[in-house]
Visitor: 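Let me give you the structure first, and then I'll get to my questions.
All values reported here derive from a predicted model rather than from experimental measurement. Here is how names work: the chains are called A, B, and so on, in the same order as the sequence lines, proteins then strands, and each is numbered from 1. The analysis underlying the following values was restricted to heavy atoms, covering all of them including side chains, and did not include hydrogens, waters or symmetry mates.
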Protein chains: 2
Amino acid sequence: MNPADDHNLHARLMAGAAPDSPLYKEVKRLLTQTIQAGEWKPGTAIPSERQLSARFHVAVGTLRKAVDELVQERILIRQQGRGTFVSAHNRDRMMFHFFHIQREDGDKPAPDVEMLSFKTGRADDEEAARLGIGVGDRVFRIANVLSLAGDRIIFDRISIAKALFPGMTAAQFKNRPSTIYHLYQSAFGITVVRSAERLRAVRADPEVAQLLDVAKGAPLLEIRRVALTFHDQPVEYRRSLVDTEHHEYFSDLAKS
Amino acid sequence: MNPADDHNLHARLMAGAAPDSPLYKEVKRLLTQTIQAGEWKPGTAIPSERQLSARFHVAVGTLRKAVDELVQERILIRQQGRGTFVSAHNRDRMMFHFFHIQREDGDKPAPDVEMLSFKTGRADDEEAARLGIGVGDRVFRIANVLSLAGDRIIFDRISIAKALFPGMTAAQFKNRPSTIYHLYQSAFGITVVRSAERLRAVRADPEVAQLLDVAKGAPLLEIRRVALTFHDQPVEYRRSLVDTEHHEYFSDLAKS
DNA sequence: AAGTGGTCTAGACCACCAT
DNA sequence: TGGTGGTCTAGACCACTTA
């Protein structure tokens with residue numbers, strides 16, 4: 001068979017295909033779509049590469065190239081001999097990919113989260129811009145204090161669109177068995193796949209100073225994170241204030 | 001030919017090969033080695049994939065898999081129709097991969113570097129640990145102020161091992177035509193391939209406050225970066241203090 | 001033993017660039 | 001036109017897991 005003909009054939013068959021897009025990109029799009037549609041649930045195995053290559057009428061190598069990219073984006077996880085799995089949000093994943101604070105000696109304890117408040121409100125300019133919603137749209141605002149090895153180190157303010165998390169309750173948030181992103185995934189079907197963070201140094205205002213037990217005006221590290229799901233759609237806007245007296249933020253770029 | 005036999009054959013032929021290491025990893029090692037040995041200079045094209053696959057007696061697909069990884073690590077750069085090139089340090093690369101400060105409006109001007117001092121000294125505990133050298137070993141220490149759009153925003157202190165940069169002079173550093181990493185590469189054959197950064201918020205001490213024109217005790221963002229060459233060997237330790245009043249550090253993880 | 005992902009081969013054709 | 005990287009195919013065998 002002529003590979004070019006095959007390419008064109010499928011390009012025509014696949015709805016929404018970009019013109020001249022490589023076949024493996026189309027396959028990747030179909031895989032992503034199938035995951036988003038819920039046909040394969042987080043934590044479960046997708047069909048084998050041989051089965052999928054038959055289903056999409058492509059060679060195994062082409063299928064593998066599509067899966068390769070999704071594995072790199074941490075949407076899929078390969079395990080030799082076992083299968084390929086839709087990645088689920090658990091504590092390990094959160095710690096590895098979304099929690100960038102460690103003790104100055106390099107030790108990286110998991111944080112204890114204590115919820116301070118859970119409120120509804122209307123998006124201000126910044127929330128609207130970061131979440132891609134309209135000013136005045138309804139949002140949930142959750143405030144937390146995170147402790148590392150018993151010490152209160154981080155003050156977190158989370159903003160999420162009510163439309164994306166319909167019916168979320170304070171109890172649901174407070175009593176979640178695992179991480180916050182696990183809650184988003186398991187209860188609302190929203191998978192956070194990556195985040196973008198911007199950092200600056202600020203002075204502690206009186207309330208936060210008391211909360212974190214630092215001097216008023218002490219320098220704190222402010223992290224503003226937008227968490228994104230598929231297609232870079234924003235899901236959560238989070239402002240964190242970190243006491244970096246004995247802790248630090250690490251950024252190990254370009255390795256993973 | 002039996003691919004397994006071929007694998008074993010080459011595994012035996014290749015000096016320094018790890019046991020049971022895939023063939024493409026060996027090819028990758030040979031490519032890296034050849035670059036480090038200087039057979040292919042930064043900015044120049046390496047032989048074509050077909051030529052290299054013949055040279056290493058592997059299929060083109062295997063050669064490509066090795067090159068794929070080096071491209072991802074930004075050691076090689078592919079250009080369709082032109083060839084594959086050993087990546088050279090230029091201003092664009094520095095801005096994209098090693099300079100993470102931008103204006104709060106998202107604009108990202110290139111910094112002007114003004115050298116304040118160039119001294120020799122002996123490594124203290126921290127320098128020794130970060131640079132992988134002995135306490136008391138000779139180091140160069142260079143202090144710079146970086147301006148963005150005319151405003152002094154960053155105070156930089158660089159420490160490098162004298163042994164790695166023999167005969168470096170202040171003039172060489174001050175009059176370099178391009179970036180600092182370009183100087184390391186072109187004059188000393190040292191290519192920085194990635195960096196690891198740790199951040200915290202600190203108070204401006206009086207000297208730095210004057211230098212950056214901020215209030216004494218104002219919060220500054222401290223960045224401690226270790227720049228690494230091949231095999232994660234440390235090359236440079238840099239402490240930066242950033243005025244984040246109107247600028248911010250960005251960390252767009254997991255995209256590239 | 002059967003099934004999965006991981007490696008490797010060999011070769012075709014396409015897209016792009018320089019000449 | 002000739003050379004380069006980019007895509008795709010088809011199939012073999014290896015490494016690993018599970019039952």
Visitor: Starting at NZ of B/Lys25 and ending at P of C/dC8, how long is that distance when rounded to a whole Å?
Guide: 11 Å
Visitor: Counting just side-chain N and O atoms, does A/Arg78 come under 4.0 Å of either OP1 or OP2 of C/dG6?
Guide: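 Yes, such a contact exists.
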Visitor: How would you list all residue pairs meeting salt bridge (Lys or Arg N to Asp or Glu O under 4.0 Å) that involve residues 78-87 of chain A, not counting sequence neighbours?
Guide: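 Counting only pairs at least two positions apart or across chains, the salt bridge (Lys or Arg N to Asp or Glu O under 4.0 Å) contacts touching residues 78-87 of chain A are A/Glu49-A/Arg78, A/Asp68-A/Arg78.
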Visitor: How many Å lie between NE2 on A/His57 and P on D/dC8, as a whole number?
Guide: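 So the NE2-P distance, A/His57 to D/dC8, works out to 16 Å.
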Visitor: Is it true that the side chains of B/Glu236 and B/Tyr184 contain a donor and an acceptor less than 3.5 Å apart?
Guide: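 Yes - a donor-acceptor pair under 3.5 Å links their side chains.
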Visitor: Report the distance from atom CG of B/Leu76 to atom C1' of D/dG5, rounded to the nearest whole Å.
Guide: 13 Å
Visitor: What's the verdict on side chain to side chain contact (heavy atoms under 4.5 Å, CB included) for B/Arg176 and B/Ile180, showing C-alpha distance, side-chain angles and the deciding distance?
Guide: CA-CA 7 Å; B/Arg176 81 207 127 68; B/Ile180 292 169; 3.7 Å; yes
Visitor: Rounded to whole angstrom units, what separation is found between the CD atom of A/Gln79 and the C1' atom of C/dG3?
Guide: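 After rounding, the gap between these two atoms is 15 Å.
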Visitor: Rounded to the nearest Å, what distance is computed from the CD atom of residue B/Glu69 to the P atom of nucleotide C/dG6?
Guide: 13 Å
Visitor: A/Glu197 and side chain to side chain donor-acceptor pair (under 3.5 Å): which partner among A/Arg224, A/Arg238, A/His100?
Guide: A/His100
Visitor: Provide, to the nearest angstrom, the distance between the CG atom belonging to B/Leu63 and the C1' atom belonging to C/dT9.
Guide: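 These atoms are roughly 13 Å apart.
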Visitor: Would you call B/Arg74-B/Glu69 a salt bridge at under 4.0 Å N-O?
Guide: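 Looking at B/Glu69 together with B/Arg74, the answer is no, because their closest N to O distance does not fall below 4.0 Å.
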Visitor: Side chain of A/Arg64 only, please: which of C/dG5, C/dA18, C/dT9 is the nearest?
Guide: C/dG5
Visitor: Figure out the NZ/P separation between A/Lys65 and C/dT7, and round it to whole Å.
Guide: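 Nearest whole value for this atom pair: 15 Å.
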Visitor: Please pick, from C/dC8, D/dT9, C/dT7, the nucleotide with the shortest atom-to-atom distance to any side-chain atom of A/Thr62.
Guide: D/dT9
Visitor: Which parts of residues 39-52 of chain B get close to DNA chain C, meaning a heavy atom less than 4.0 angstrom away?
Guide: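 When residues 39-52 of chain B is checked for heavy atoms under 4.0 Å from DNA chain C, the hits, listed by number, are B/Arg50.
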Visitor: Rounding to an integer number of Å, can you tell me how far A/Leu23 CG sits from D/dC8 P?
Guide: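 From A/Leu23 CG to D/dC8 P: 5 Å.
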Visitor: Nearest to the side chain of B/Tyr24, heavy atoms from C-beta on, is which of D/dT7, C/dT7, C/dG5?
Guide: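 Selected nucleotide (nearest to the side chain): C/dT7.
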Visitor: Which nucleotide sits closest to the side chain of A/Pro22: D/dT7, C/dG6, C/dC17?
Guide: D/dT7
Visitor: Which listed nucleotide (C/dG5, D/dT18, C/dC16) is nearest to the side chain of A/Thr84?
Guide: C/dG5
Visitor: Can you tell me which residue pairs pass the salt bridge (Lys or Arg N to Asp or Glu O under 4.0 Å) test with a partner in residues 83-99 of chain A, sequence neighbours excluded?
Guide: none
Visitor: Measure from the side chain of B/Gln80, starting at C-beta and using heavy atoms only, and say which of D/dC8, C/dA15, C/dC8 lies closest.
Guide: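 Taking heavy atoms from C-beta onward, the closest nucleotide is C/dA15.
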Visitor: Step through it carefully: locate the ring centre of B/Tyr181, locate the ring centre of B/His97, and say whether they are under 6.0 Å apart.
Guide: no
